[in-house]
Chemist: 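Following this message is one structure expressed as structure tokens.
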Amino acid sequence: MGKTSSGFGIFIDEMQDLDDELLGALISVQHLAGQKGWPFFIIGAGLPNLPGKLSATRSYSERLFDYRTIGALDHASAADAISLPMNRLGAHLEADALRALVTAADGYPFFLQVYGKAVWDVSSSKTVNLDDARLAIEIGTEQLDAGFFRSRWQRATPAERQYLRAMAEDHDEASSTAQVASRLSRAASQLTVARSSLISKGLIYAPDHGAVRFTVPGMSGFISRQFDE
């Protein structure tokens, strides 16, 4: 490849977890590359708090990046993600079984993988029925609780867990920081440290001023199950 058609790209997953020094250095290089016309590109993926962290690290970063939001899969795409691979292997999901799996996954790609694998493992025939789906959802949820959710829960301090528990009362919807403080019988200013730490750890993010939300769906359900137990 000739010099005029070559380039250099850095692909970074979970970009919000980079330390400030490394992140600042990368942003500075990208800034310089833009000024010099170098074919240097940073392609990063991360949680919803990533744009805020980039801006806090280098104020001019908002001019350097083109942000794309990747949300949950729609119902049709989620259904295809589960059914098409199984169809290629000769299996068929009944409509109510597929609907139950898609609803449980809530459009989250990793959950679709977990429930899809579980229903493939539990099905005793090439026709997957609603009972198979319900069992797969139970098994998949246990697996998510043991690994995906618990690993996040264990990163929180006891005080932060109380904050998360108060948020869980709103299920997976955004929570008002004032309402969370009220539930904990505290002033909002007293919870600033816990809130900032949870955002830094990638457990929650701020979709709007005065609001917080879990970064992954289903976290409120996990928290409720922990305290129910």
Side-chain angles (χ1 to χ4, degrees), residues 13-20 23 44-59 61-62 67-74 78 103-112 114-115 137-138 140-229:
D13 194 14
E14 303 294 351
M15 193 172 177
Q16 76 283 341
D17 289 338
L18 295 180
D19 62 66
D20 292 342
L23 185 59
L47 295 174
N49 64 319
L50 177 57
K53 181 166 184 178
L54 292 173
S55 181
T57 303
R58 293 289 188 274
S59 60
S61 65
E62 61 188 25
Y67 296 102
R68 305 290 180 89
T69 300
I70 302 175
L73 295 177
D74 59 37
T103 300
D106 197 23
Y108 198 67
F110 180 61
F111 294 179
L112 289 166
V114 171
Y115 292 131
I137 291 169
E138 180 180 344
T141 300
E142 289 176 353
Q143 293 173 345
L144 290 170
D145 282 357
F148 182 83
F149 290 121
R150 191 170 303 281
S151 64
R152 286 162 170 73
W153 182 249
Q154 291 178 344
R155 290 162 61 185
T157 66
E160 292 164 2
R161 291 178 184 179
Q162 289 301 317
Y163 195 98
L164 296 176
R165 185 182 184 186
M167 286 180 59
E169 293 188 29
D170 296 309
H171 305 290
D172 284 334
E173 299 301 318
S175 299
S176 161
T177 53
Q179 184 62 51
V180 170
S182 176
R183 289 169 183 163
L184 295 174
S185 300
R186 306 281 294 280
S189 59
Q190 295 176 301
L191 298 171
T192 301
V193 173
R195 173 181 172 276
S196 297
S197 179
L198 288 168
I199 291 175
S200 178
K201 291 176 180 179
L203 300 180
I204 65 175
Y205 71 103
D208 295 296
H209 180 71
V212 286
R213 191 170 187 172
F214 294 114
T215 54
V216 295
M219 191 68 188
S220 62
F222 167 79
I223 292 171
S224 298
R225 289 190 291 275
Q226 300 315 294
F227 284 98
D228 286 344
E229 292 174 1

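Side-chain atoms are counted along with the backbone in the values below, which use heavy atoms only and exclude waters and symmetry mates. None of the values given here were measured: they were computed from a predicted structure.
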Chemist: Quick check, are the ring centers of Phe148 and Phe222 under 6.0 angstrom apart?
Modeler: no

Chemist: Look at the side chain of Ser224 and the backbone N and O of Ser220, then say whether any donor-acceptor pair between them is shorter than 3.5 Å.
Modeler: yes

Chemist: Does any part of the side chain of Arg186, heavy atoms only, come nearer than 4.5 Å to the side chain of Val180, both counted from C-beta?
Modeler: no

Chemist: Looking only at non-hydrogen atoms, find the nearest pair between Ala105 and Leu112 and report the distance.
Modeler: CB-CD2, 3.5 Å

Chemist: Does the Lys53 side chain pair with the main chain of Leu18, one donor and one acceptor, at a distance under 3.5 Å?
Modeler: yes

Chemist: How long is the straight-line distance from CG of Leu54 back to OG of Ser59, given to the nearest 0.5 Å?
Modeler: 12.0 Å

Chemist: Checking the side chain of Arg161 only, and the main-chain atoms of Trp153 only, is there a donor and an acceptor separated by less than 3.5 Å?
Modeler: yes

Chemist: Counting C-beta onward and ignoring hydrogens, is there a side-chain heavy-atom pair between Gln226 and Arg150 closer than 4.5 Å?
Modeler: yes

Chemist: Within the 4.5 Å heavy-atom criterion, are Arg183 and Asp170 side-chain neighbours or not?
Modeler: yes

Chemist: Quick one, Ile137 and Thr103 - any side-chain contact, counting heavy atoms below 4.5 Å?
Modeler: no

Chemist: Run through Thr192, Ile199, Val193, Leu198 and flag the one making a side-chain contact (heavy atoms from CB on, under 4.5 Å) with Ser196.
Modeler: Thr192

Chemist: Can you tell if the side chain of Phe111 reaches within under 4.5 Å of the side chain of Asp106, non-hydrogen atoms only?
Modeler: no

Chemist: Check Phe214 against Asp172 and note the closest heavy-atom contact, atom names and distance.
Modeler: CD1-OD1, 4.0 Å

Chemist: A side-chain contact here means heavy atoms from C-beta on lying under 4.5 Å apart; do Phe149 and Val216 qualify?
Modeler: yes

